[in-house]
Amino acid sequence: MSNLPNLSHGRHTLAIPGPSVMPERVLQAMHRPAPNIYTGELIDLTYSLIPDLKAVAKTSGHVAMYIGNGHAAWEASLANVLAEGDKVLVPGAAQFSIGWADTARRRGLVVEQLDFGRRAPIDPQAVEDALRADSGHQIKAVLVVQVDTASSAKSDLAAIRKAMDAAGHPALMIVDSIACLGCDDMQMDAWGVDIVITGSQKGLMVPPGMCFVFFNDKAAAVRQKMGRVSAYWDWHSRANPEGYYQISCGTAPTHHLYGLRTALDMIVHEEGLDNVLARHATLARALWAACDAWGQGGPLELNVTDPAARSHAVTALRIGAPHGTALRNWLIEQAGLTLGIGLGMATEDDPMSDGFFRIGHMGHVNLHMLMGTLGSIDAGLKALDIPHGDGALAAAAQVCAGK
Ligand SMILES: *Cc1c(COP(=O)(O)O)cnc(C)c1O
């Protein structure tokens with residue numbers, strides 16, 4: 001490698017699972033002086049976002065917008081329907097289930113957690129069993145992470161809803177779709193999800209800083225019976241504002257709103273949600289095909305074995321320590337490509353998760369970008385003498401060619 005020039009100069013690519021690549025148009029829509037927040041364009045623009053956000057979640061329910069990241073959405077989802085001392089079931093123990101469960105505990109909730117390891121989706125039967133065992137209906141809500149961004153395992157929300165119904169349990173179903181809304185399908189109403197949360201910086205292609213809580217009438221009724229809900233988190237006034245300022249409980253996130261308007265134009269009105277989802281599905285299949293080919297001759301392996309349980313937004317890979325970190329570093333320094341770190345995958349043999357990396361393929365990603373990422377990884381495997389099978393790019397190209 002000594003006589004190899006540095007090949008990283010050129011447009012740097014960020015392929016991490018959020019923040020995702022933002023369209024130039026979204027950035028340009030945000031590049032403007034501060035708008036009036038009392039009358040005028042911004043008011044109409046904000047209200048115009050509501051039906052389009054609901055279209056992405058496939059719900060006719062309500063949506064509340066917050067200035068905050070995904071962690072804020074975690075707080076908001078809990079604050080409106082759960083009081084101190086209430087019990088919640090968290091099926092899952094990968095990084096983001098752990099984070100949400102921790103948020104719940106620190107709000108004074110009692111958490112029962114189910115562990116399916118760090119490679120598998122939620123087992124609906126285990127949810128049903130846990131709810132059946134709760135004959136006194138102490139559990140008030142089930143906190144489901146649709147795609148755990150650390151493991152990239154995607155859970156079957158319709159099956160989990162069925163399991164909850166089979167147990168005859170009244171708990172609310174609350175879903176964290178922060179990693180994947182707009183990438184993996186979400187059918188909030190059809191699947192019977194009571195509350196869905198997401199953030200602006202992943203599938204929605206806007207900078208981090210806004211989050212959204214969708215809720216149905218059942219959840220709204222639970223909120224109405226709450227003894228008290230803190231002013232900032234209360235979704236009622238945000239979703240049913242008497243004045244514009246109530247939508248954001250103070251100064252609106254002005255520039256994010258412009259960016260979001262453009263992003264939703266692109267997703268809902270130009271490309272169309274069906275195509276957006278199909279594009280993500282196809283690019284994900286191409287990525288998996290490449291990984292399978294590499295894995296034929298070396299240690300690289302998809303973290304989630306069952307294709308039906310893999311996200312279309314993010315992919316976690318195992319390659320053995322220290323190869324994951326070495327490959328990521330080589331790609332930054334030599335290819336102008338940043339991949340995601342292994343998150344929450346530490347073991348005794350690999351305390352820094354050096355044997356893992358993740359690829360974000362969410363939002364504003366096309367065939368050319370994915371093939372660039374795969375081609376760069378292929379070069380990195382060769383440069384670092386990490387054993388790998390041949391034909392990864394050809395396998396991905398076959399999928400992208402529709403063969
Ligand atoms: C990114 C993410 C979060 C956290 O979002 P922040 O904006 O970093 O607070 C929570 N849950 C999931 C599934 C995520 O992908």
Taking Thr338 for the side chain and Ile332 for the main chain, is one N or O donor matched with an acceptor at less than 3.5 Å?
->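 Pair absent, no side-chain N/O of Thr338 close to backbone of Ile332.
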Taking atom [atom1] of [X] as the centre, does the number of heavy atoms from other residues, nucleotides or ligands within less than 6.0 Å exceed 12?
| X | atom1 | answer |
| --- | --- | --- |
| Asp390 | CG | no |
| Met226 | CE | yes |
| Arg228 | CZ | no |
| Glu242 | CD | no |
| Lys382 | NZ | yes |
| Lys58 | NZ | yes |

Taking the side chain as C-beta and beyond, is there a heavy-atom pair between [X] and [Y] under 4.5 Å?
| X | Y | result |
| --- | --- | --- |
| Met188 | Ser177 | no |
| Ile174 | Val144 | no |
| Met186 | Val175 | yes |
| Met65 | Ser248 | no |

Search all heavy atoms of Ala76 against all heavy atoms of Val213 and return the closest pair with its distance.
->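 That closest heavy-atom pairing would be CB-CG2, 3.8 Å.
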Step by step, work out the side chain to side chain contact (heavy atoms under 4.5 Å, CB included) result for Ile267 and Leu273.
-> CA-CA 6 Å; Ile267 294 168; Leu273 184 60; 4.1 Å; yes
Side chains of [Y] and [X]: any donor to acceptor distance under 3.5 Å?
| X | Y | value |
| --- | --- | --- |
| Gln125 | Asp129 | yes |
| Asp189 | Ser60 | yes |
| Ser152 | Asn303 | no |
| His71 | Thr103 | no |

Could you pull out all residues at least two apart from Asp217 that satisfy side-chain contact (heavy atoms from CB on, under 4.5 Å)?
->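 With sequence neighbours excluded, Asp217 shows a side-chain contact (heavy atoms from CB on, under 4.5 Å) to His62, given in chain and number order.
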Output field: ring centroids Tyr66/Trp235 closer than 6.0 Å |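 No, the ring of Tyr66 stays outside the 6.0 Å limit from the ring of Trp235, centre to centre.
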Check: His169 ring centre within less than 6.0 Å of His137 ring centre |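 Ring centres of His137 and His169 closer than 6.0 Å.
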Test side chain to side chain donor-acceptor pair (under 3.5 Å) applied to Tyr258 and Glu41, His31, Gln28, the passing residue |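 For Tyr258, the side chain to side chain donor-acceptor pair (under 3.5 Å) check succeeds only for Glu41.
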